[in-house]
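The model shown is predicted, which means the values in this text are computed figures rather than measured ones.
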Amino acid sequence: VTNDLGTAPQLTVVVAAEPTLTLFTAGADNQTICANTPLTNIEYVLGGGATGATVDGLPNGVTFETNAGVVTIMGTTQGIGTYNYSVLTSGQATSCTPAELTGTIVVNSTPSISASTAAICDGGTLDLSTVVTRDAGVTLEFYSDAAGTAVIASTVSPTTDSTFYVRGTGTNTCQSE
């Protein structure tokens, strides 16, 4: 077969690299965290013919960016639940199938606690847990300092007006202060 010029037509085939997607830090793709807490950044490395990526299924407050061949998922969660997300490469040749990896972010609720003011007579004792309202299953820990470093017993006998601090830990290990 020849063309009008008497030469064989030329056909060029370009072989495109298959896109790749690799989790940078093993285990970071599946996280369980508490609500309103920053997650540990999740990083994927693009390779082959991939030049970008899309990420679907992230919780509110969590975003992603692609920079210098690395897809980074980051942010502070604003919703409670289980979020199955997927990372899909883009920018590869149309004849290539995008690479895809998935992960799960579980966001647990933070327990609700509140404390009220109590009055006791001089020389009296008070069980601090009786003036704290909390969700079922929440365990309490009391402190004499706002930083939460000086743990005290729940029963106190102050000789002057005093302020105490409380931290509640839910059954899912999330804490409120």
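Qualifying side chain to side chain contact (heavy atoms under 4.5 Å, CB included) partners for A93, counting only residues two or more places apart in sequence or in other chains: A16, S95, C96. Applying the side-chain hydrogen bond (donor to acceptor under 3.5 Å, both in side chains) test to S116 and every residue at least two apart in sequence or in another chain returns nothing. For the side-chain hydrogen bond (donor to acceptor under 3.5 Å, both in side chains) test, residues two or more places apart in sequence or in another chain that qualify with R167 are Y143, E177. In this structure S129 satisfies the side-chain hydrogen bond (donor to acceptor under 3.5 Å, both in side chains) test together with D127, sequence neighbours excluded. The side chain to side chain contact (heavy atoms under 4.5 Å, CB included) search around T104 returns N30, T82, N84, V106, not counting sequence neighbours.
For the pair V55 and S86, the minimum side-chain heavy-atom distance is 4.5 Å or more. Between M74 and T63, some side-chain heavy-atom pair lies under the 4.5 Å cut-off.
Follow the hydrophobic side-chain contacts under 4.5 Å out from I120 and you reach F164 in the same cluster. In this structure, L58 is not a member of the same hydrophobic cluster as L88, with clusters built from ILVMFWY side-chain heavy atoms closer than 4.5 Å.
Between A150 and D145, the shortest heavy-atom distance links the atoms N-OD1, 2.8 Å. Pairing each heavy atom of G52 with each of T66, the nearest pair is CA-CG2, 4.2 Å.
Applying the side chain to side chain donor-acceptor pair (under 3.5 Å) rule to pairs touching residues 39-50 yields Y44-Y85, sequence neighbours excluded.
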